[in-house]
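Taking it in order: structure first as structure tokens, then the write-up.
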Amino acid sequence: MALHRGTRVYRNHQLLDGAAVALFPLPMCGRFALHASPEIVAEFLSLDEIDEFPPRYNIAPTQPILIAIGGHQDRPDANRANRSAQLARWGLIPSWVKDASKFPLLINARGETAATKNSFRAAMKYRRCLIPATEFYEWRRTGGGPSEPFLFRPKFGRPFAFAGLMETTIDPDGGEIDTAAIVTTKASGPPADIHDRMPVAIEEGEFERWLDCRDYNPAGVADLIAGSAVRGFEIVRIGTAVNKVMNADPSIQEPVDEHPIRSTGETKTAREADTGSHSDDVDQLKLI
DNA sequence: CCAGACGTTGTT
DNA sequence: GTCTGG
DNA sequence: CCAGACGTTGTT
DNA sequence: GTCTGG
């Protein structure tokens, strides 16, 4: 690990007059939830079948996550995509890695560069996947104080899907291990107030294209990443209980404030529309 | 040619 | 400060 | 992503 | 396996 750490420092800096200076300003998604029923998720992803799974409110790196793969309609009778769901460890391990313990945890892949990186190139070309979720979490770093957690949730009750990359590797015991990472891009709109990076979400109408690695190469899906916007979400500040992975019950999602501090999308939130409470939040309402 | 990295986020 | 575990 | 460890010798 | 640095 010392090697990697040293390398990172070296690559991000350049020696000028003997002093290390940053070459460029280094401007995510590290936690999410999935508590829709398996039936809803299967319908959402057009899966023929799906195993049971429990509701999870605090999914963290290294844990198993549900992913959907496949998608080319190679069955003549298929009007629904030929997809399947399975579990993968969150933290992608490239197939050529000999000792995963000496390799950093790749929970995110930068969408801007993933197609050219050794670690992601093959997955970007051959093993794109979707990662269903019902909410995700982001932390806002404040000056010196503790970071504040925020919940990003769709304004209308439906799951969404992250753009994911999947890889299969062989563990020391000879067993196959499937791993996955979430694709990220530069944050824009309201999410940018929380964090510089955000996960890429794929619209339902584009599931097929993202998953179909036979007919669409990385260039053929680049627009899904570049044009990604986290639309139709509201962003609410939540308590710090989410910080601890052990805290995994629904209460960790309870808002701290009365209203969402931000909303993404074209209109005011459903919640505000229902209650008619515009008030202080309206001027903070920003559109993507 | 061989050796060694292969990544993201964040920080200052 | 840095690494590991979840 | 955050939280929590970060070590050795020896013993049960 | 493939790329970069030396």
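In what follows, every chain begins at residue 1, and chains take the letters A, B, ... in the order their sequences are listed.
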Legend entry - Same-atom distance (P) from D/dT11 to B/dA3, integer angstrom: 44 Å

Inset, instruction - Check the distance between C/dG6's P and A/Phe32's CZ and give it to me in whole angstrom. - result: 18 Å

Legend entry - N/O (side chain, A/Arg197) to phosphate O (OP1/OP2, D/dC1) under 4.0 Å: no

Inset, instruction - May I ask you to verify if any side-chain N or O of A/Arg31 is less than 4.0 angstrom from the OP1 or OP2 atom of D/dC2? - result: no

Inset, instruction - Indicate whether OP1 or OP2 belonging to B/dT9 is found under 4.0 Å from a side-chain N or O atom of A/Thr184. - result: yes

Legend entry - Residue list, side chain to side chain donor-acceptor pair (under 3.5 Å) with A/Thr134, at least two apart or on another chain: A/His35

Inset, instruction - Before giving the answer on side chain to side chain contact (heavy atoms under 4.5 Å, CB included), spell out for A/Ser84 and A/Ile69 the whole-Å C-alpha distance, their side-chain angles and the decisive distance to 0.1 Å. - result: CA-CA 6 Å; A/Ser84 61; A/Ile69 59 173; 3.6 Å; yes

Inset, instruction - Please answer whether D/dC1 and A/Tyr137 are stacked, defined here as ring centres separated by less than 5.5 Å and planes angled under 30°. - result: no

Legend entry - Separation of the C1' atoms in D/dG7 and B/dG4, to the nearest angstrom: 30 Å

Inset, instruction - Just call it for A/Leu92: base, sugar-phosphate, or nothing, with non-hydrogen atoms closer than 4.0 Å on any strand. - result: nothing

Legend entry - A/Asp99 atom CG, neighbour heavy-atom count above 12 within 6.0 Å: yes

Inset, instruction - Just say parallel, tilted or perpendicular for the rings of A/Phe233 and A/Phe160, cut-offs at 30° and 60°. - result: perpendicular

Inset, instruction - For nucleotides D/dC1 and B/dT12, find the distance between their P atoms and express it as a whole number of Å. - result: 14 Å

Legend entry - Set of side-chain contact (heavy atoms from CB on, under 4.5 Å) partners for A/Arg158, sequence neighbours left out: A/Glu43, A/Phe44, A/Glu204

Legend entry - Atom-pair distance (CG on A/Leu106; P on C/dT4), nearest Å: 14 Å

Inset, instruction - Only counting residues at least two apart or in another chain, list the ones meeting side chain to side chain donor-acceptor pair (under 3.5 Å) with A/Glu206. - result: A/Arg209

Inset, instruction - Round to a whole Å and report the spacing from NZ of A/Lys102 to P of B/dG7. - result: 19 Å

Legend entry - Protein-nucleotide distance (A/Arg110, atom CZ; B/dT9, atom P), rounded to Å: 5 Å

Legend entry - Nucleotide of B/dT8, D/dA3, C/dG6 approaching A/Lys244 most closely (side-chain heavy atoms): D/dA3

Legend entry - Residues which pass side-chain contact (heavy atoms from CB on, under 4.5 Å) with A/Val41, listed by chain and number, not counting sequence neighbours: A/Leu34, A/Ala36, A/Leu45, A/Ile50, A/Phe53, A/Leu66, A/Pro132

Inset, instruction - Write down the distance between CG (A/Asp99) and P (E/dG1), rounded to a whole number of angstrom. - result: 17 Å

Legend entry - Separation of the C1' atoms in B/dT9 and D/dC2, to the nearest angstrom: 12 Å

Inset, instruction - Tell me whether the OP1 or OP2 atom of D/dC2 has a side-chain N or O from A/Thr240 closer than 4.0 Å. - result: no

Inset, instruction - Taking atom types as modelled, find out whether A/Glu208 and A/Tyr216 have a side-chain donor-acceptor pair closer than 3.5 angstrom. - result: no

Inset, instruction - Output all residues satisfying side-chain contact (heavy atoms from CB on, under 4.5 Å) with A/Thr116, sequence neighbours left out; order by chain, then residue number. - result: A/Thr113

Legend entry - Atom-pair distance (CD1 on A/Ile182; P on B/dT9), nearest Å: 11 Å

Inset, instruction - Using a 4.0 Å heavy-atom cut-off across all strands, classify A/Ser147 as base, sugar-phosphate, or nothing. - result: sugar-phosphate

Legend entry - Integer-rounded Å distance: C/dG6 C1' and A/Ile252 CD1: 13 Å

Inset, instruction - Can you tell me which residue pairs pass the salt bridge (Lys or Arg N to Asp or Glu O under 4.0 Å) test with a partner in residues 165-178 of chain A, sequence neighbours excluded? - result: A/Arg127-A/Glu167

Inset, instruction - Would you please confirm or rule out a distance under 4.0 Å between OP1 or OP2 of D/dC2 and any side-chain N or O of A/Arg141? - result: yes

Inset, instruction - Just jot down the side chain to side chain donor-acceptor pair (under 3.5 Å) partners of A/Glu203, sequence neighbours excluded, or say none. - result: none

Legend entry - Pairing string, 5' to 3', for DNA chain C - Watson-Crick or wobble contacts under 3.5 Å, brackets [ ] where pairs cross, | to another strand: ||||||

Legend entry - Residues within residues 111-130 of chain A bordering DNA chain B, heavy-atom distance below 4.0 Å: A/Thr113, A/Lys117, A/Asn118, A/Ser119, A/Phe120

Inset, instruction - Mind calculating the distance between CD1 (A/Ile107) and P (D/dA3) to the nearest angstrom? - result: 14 Å

